[in-house]
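First comes the structure, then the notes that go with it.
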Amino acid sequence: MAHRTDDAFVTGRTDLSIGIEPLRLAVLDEDEFCALRMLLVFALEGSTMRSAVLVATTAAEPNPRACGWSVRDGWLHPLDTDDLQAAVMPCPDVAAVEREVYPAPVLIQLPDSDEEAPHA
């Protein structure tokens, strides 16, 4: 979810299938993936978004899992697991999947390009 500078809230979601061996990524709906990617780019760029959160969940049974990041200073930073647990907890009397929350991995921010690196 993202909070835009015009006070609107926007959300996006997409389903991906990811495999380790062999390494693969399959996008199940190209339009949803492009919309989510666009929201993430705008959130990271920062001029049109006040705040944004990215939550990744698994559909794997019997233990669906979730982790998340907040966008700060132009990058993704792991969310506090207690805050995320509260956010993904199903409402009372609603049939929904309960997810195990785990710490999101720290994502290393690489320089954008060689042009921004100092030149000797």
Side-chain angles (χ1 to χ4, degrees):
M1 176 167 51
H3 183 197
R4 295 189 332 204
T5 55
D6 65 358
D7 286 331
F9 288 91
V10 292
T11 61
R13 70 174 305 276
T14 192
D15 293 315
L16 305 172
S17 176
I18 301 170
I20 303 294
E21 292 187 27
L23 185 60
R24 66 174 171 72
L25 171 68
V27 175
L28 303 180
D29 183 312
E30 190 71 33
D31 291 338
E32 283 181 354
F33 181 75
C34 288
L36 182 65
R37 185 174 54 192
M38 177 198 61
L39 283 174
L40 184 56
V41 167
F42 278 111
L44 291 170
E45 186 273 332
S47 69
T48 60
M49 300 286 181
R50 289 195 174 129
S51 62
V53 172
L54 176 66
V55 176
T57 62
T58 66
E61 295 293 338
N63 299 318
R65 301 178 76 202
C67 69
W69 300 263
S70 63
V71 176
R72 292 189 318 274
D73 304 320
W75 195 243
L76 297 166
H77 301 273
L79 283 172
D80 177 78
T81 54
D82 290 337
D83 292 341
L84 181 59
Q85 185 66 60
V88 300
M89 183 69 62
C91 294
D93 301 324
V94 173
V97 173
E98 288 192 35
R99 299 190 184 282
E100 173 190 345
V101 170
Y102 65 98
V106 173
L107 303 174
I108 306 298
Q109 186 174 11
L110 301 175
D112 288 338
S113 70
D114 290 335
E115 292 176 9
E116 293 182 15
H119 296 285

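Residue pairs that meet the side chain to side chain donor-acceptor pair (under 3.5 Å) test with at least one member in residues 25-35, sequence neighbours left out, do not exist here. The side chain to side chain donor-acceptor pair (under 3.5 Å) analysis of residues 33-43, with sequence neighbours excluded, yields no pairs. Applying the side chain to side chain donor-acceptor pair (under 3.5 Å) test to every pair with at least one member in residues 4-13, sequence neighbours left out, gives these pairs: His3-Asp7, Arg4-Asp6, Asp7-Arg50, Arg13-Asp15. Counting only residues at least two apart or on different chains, no salt bridge (Lys or Arg N to Asp or Glu O under 4.0 Å) pair has a member in residues 19-28.
Checked against side-chain hydrogen bond (donor to acceptor under 3.5 Å, both in side chains), Arg72 has the following partners two or more places apart in sequence or in another chain: Ser70. Legend: residues meeting side-chain hydrogen bond (donor to acceptor under 3.5 Å, both in side chains) with Glu100, ordered by chain and number and at least two apart, are absent. Considering only residues two or more places apart in sequence or on other chains, Asp83 meets the side chain to side chain contact (heavy atoms under 4.5 Å, CB included) condition with Asp80. Applying the side chain to side chain contact (heavy atoms under 4.5 Å, CB included) rule to Val41 yields no partners; only residues at least two apart in sequence or on another chain are considered.
When hydrophobic side chains of Ile, Leu, Val, Met, Phe, Trp and Tyr are connected at separations under 4.5 Å, Leu79 ends up clustered with Val53, Val55, Leu84, Val88, Val101. Taking a 4.5 Å side-chain heavy-atom cut-off between Ile, Leu, Val, Met, Phe, Trp and Tyr, the cluster of Met1 extends to Phe9. Other residues sharing the hydrophobic cluster of Trp69, ordered by chain and number and joined by side-chain separations under 4.5 Å: Leu40, Leu44, Leu54, Val71, Trp75, Leu76, Leu107. Other residues sharing the hydrophobic cluster of Leu25, ordered by chain and number and joined by side-chain separations under 4.5 Å: Leu16, Ile18, Val27, Phe33.
Here the side chain of Thr58 pairs a donor or acceptor atom with the backbone of Arg65 at under 3.5 angstrom.
Nearest heavy-atom pair across Pro64 and Val97 is CG-CG1, 3.3 Å. Of all the heavy atoms in Gly68 and Ala104, the pair that sits closest is O-CB, 3.2 Å. Listed here is the closest heavy atom pair of Pro103 and Cys67: C-CB, 4.4 Å.
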